[in-house]
S.K.: 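The structure is given below, and queries will be raised subsequently.
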There are 2 protein chains.
Amino acid sequence: MKLSEAKQQFISSWGAFGTQWGINRTMAQIHALLLVSINPLTQDDMMEELSISRGNVNMNIRDLIGWGLVDRVIISGERKEYFTAEKDIWKVATQIIKERKKRELDPMIKLLSQLENIDDDKKDKEVQQFTQVVGSIKKLGLQADKTLDLMIKADENWFTGSILKMFK
Amino acid sequence: MKLSEAKQQFISSWGAFGTQWGINRTMAQIHALLLVSINPLTQDDMMEELSISRGNVNMNIRDLIGWGLVDRVIISGERKEYFTAEKDIWKVATQIIKERKKRELDPMIKLLSQLENIDDDKKDKEVQQFTQVVGSIKKLGLQADKTLDLMIKADENWFTGSILKMFK
DNA sequence: TTTAAGTTTCAATATATTTTGAAAATTCAG
DNA sequence: CTGAATTTTCAAAATATATTGAAACTTAAA
């Protein structure tokens with residue numbers, strides 16, 4: 001397969017993959033494009049490469065910066081802004097985990113904690129069932145939270161296998 | 001908080017939470033409703049509780065069955081079909097992991113493997129960068145695959161903490 | 001069989017999300 | 001300052017996704 005063909009394929013598949021995970025297709029594609037670009041790109045480069053509008057690039061780039069996956073780069077002598085993506089995939093993964101945890105898992109646990117306190121008769125089967133389900137989801141959430149914190153703090157070995165080999 | 005209020009809140013929040021993860025809101029709500037229902041429900045029950053159409057319930061229930069999260073229940077003497085959800089959250093989580101792995105992770109790894117073989121000059125910086133990125137994502141994917149397999153096979157202790165405590 | 005209850009399908013419709021593009025705002029060289 | 005280059009915003013349009021509801025289909029009791 002030719003490089004140009006493979007790049008296209010990677011970018012478009014990464015976009016499709018992203019949508020399955022609640023990530024906007026264009027954002028995923030911009031990220032993919034920056035991942036495989038050696039040099040930082042301008043917004044115009046991305047408009048051109050992905051055939052999308054200026055506004056679209058601008059909004060999604062800002063989102064990606066908000067996710068900590070893309071950085072602005074100043075190139076001296078250049079008026080335009082350039083953008084680059086972190087290339088270390090382990091860092092990318094931990095950054096995504098960190099953000100999703102903060103944005104989604106933490107609020108979910110907070111909500112479940114509130115729902116655990118039911119005023120009605122604790123003897124009621126319905127009440128018991130509800131608090132059991134909510135409580136166990138919360139417990140799972142808390143454990144996931146701890147585990148992910150460990151992963152974030154740990155070095156790459158956590159995932160590349162040396163630790164987990166112990167359980168095989 | 002009253003049970004009825006908490007139930008409503010749980011169902012609607014679960015739906016909102018699901019959409020962030022690429023799961024259709026109604027599907028997540030139906031699942032939530034079944035999780036907190038002691039007795040199996042009919043499609044009519046769900047239409048009523050969630051104020052949604054018959055077709056919508058039917059399609060999403062079928063999806064949930066496809067995900068292995070909901071089962072049809074036959075109640076003798078009754079003509080209608082009833083539905084119930086697995087209440088053990090650990091089982092629910094492993095089932096979701098198993099399915100997403102099969103539907104998304106495995107195809108992704110397959111794709112990345114294809115993209116690793118670039119015909120162009122291996123000395124080219126662009127080619128090196130591309131194969132490096134694709135290769136490292138694939139490596140991460142393979143490791144995630146292994147880890148998730150371990151989780152799926154392991155008993156609940158994997159997540160409830162006794163194993164992971166070793167790393168603190 | 002017949003037929004009524006129950007289930008499934010899917011084209012049409014509604015809703016939600018993404019994208020565009022041009023105007024407004026900002027930045028900076030001269 | 002001034003104004004051209006660049007970035008940002010956001011209402012309108014386009015696209016994608018979810019929902020409806022009625023017709024078609026299936027099932028099983030009479």
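Sequence lines set the chain letters: A, B, ... in the order given, protein chains first and strands last, and positions in each chain run from 1.
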S.K.: Are more than 12 heavy atoms from other residues, nucleotides or ligands located less than 6.0 Å from atom NZ of A/Lys122?
M.R.: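 Yes, NZ of A/Lys122 has more than 12 neighbouring heavy atoms, counting only those of other groups under 6.0 Å.
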S.K.: Reading DNA chain D from 5' to 3', where do the contacts with chain A start and stop? Cut-off is 4.0 Å to heavy atoms.
M.R.: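 Taking any atom under 4.0 Å from a heavy atom of chain A, the span is D/dA4 to D/dC10.
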S.K.: With the side chain counted from C-beta on, respond yes when A/Gln20 and B/Arg103 share a heavy-atom pair under 4.5 Å apart, and no when they do not.
M.R.: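 Answer no - side chains too far apart.
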S.K.: Within residues 65-75 of chain B, which residues have any heavy atom lying less than 4.0 Å from an atom of DNA chain C?
M.R.: B/Arg72
S.K.: Once you measure the plane-to-plane angle for B/Phe17 and B/Trp21, does it fall in the parallel (<30°), tilted (30-60°) or perpendicular (>60°) bin?
M.R.: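 The rings of B/Phe17 and B/Trp21 sit tilted, inter-plane angle from 30° to 60°.
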S.K.: If we only count heavy atoms from C-beta on, is the B/Arg72 to B/Phe83 side-chain gap below 4.5 Å?
M.R.: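 They are in contact (side-chain heavy atoms under 4.5 Å apart), so the answer is yes.
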S.K.: When hydrophobic residues are tied together by side-chain contacts of less than 4.5 Å, even through go-betweens, does A/Met47 share a cluster with A/Met59?
M.R.: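 Different clusters: A/Met47 never reaches A/Met59 through Ile, Leu, Val, Met, Phe, Trp or Tyr contacts under 4.5 Å.
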S.K.: Go through B/Gln95 and B/Glu99 one step at a time and tell me if the side-chain contact (heavy atoms from CB on, under 4.5 Å) criterion holds.
M.R.: CA-CA 6 Å; B/Gln95 184 60 32; B/Glu99 282 294 323; 3.8 Å; yes
S.K.: Looking at B/Lys101, I want to see if its NZ is surrounded by more than 12 non-hydrogen atoms of other residues, nucleotides or ligands under 6.0 Å.
M.R.: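 Atom NZ in B/Lys101 is crowded, with more than 12 foreign heavy atoms closer than 6.0 Å.
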S.K.: Along nucleotides 16-29 of chain C, 5' to 3', which nucleotides get a B, which get an S, and which get a -, given that the test is a protein heavy-atom distance under 4.0 Å?
M.R.: --SSBB-----BB-
S.K.: Is A/Leu105 linked to A/Met151 within one hydrophobic cluster, defined over Ile, Leu, Val, Met, Phe, Trp and Tyr using a side-chain heavy-atom separation of less than 4.5 Å?
M.R.: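 Yes; A/Met151 is reachable from A/Leu105 via cluster members.
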S.K.: Taking a hydrophobic cluster as the set of Ile, Leu, Val, Met, Phe, Trp and Tyr residues connected by side-chain heavy atoms closer than 4.5 Å, whether directly or through intermediates, do A/Leu41 and A/Ile75 fall within one such cluster?
M.R.: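 The answer is no; the residues belong to distinct hydrophobic clusters.
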S.K.: Please indicate whether A/Lys87 has more than 12 foreign heavy atoms, meaning atoms of other residues, nucleotides or ligands, lying under 6.0 Å from its NZ.
M.R.: yes
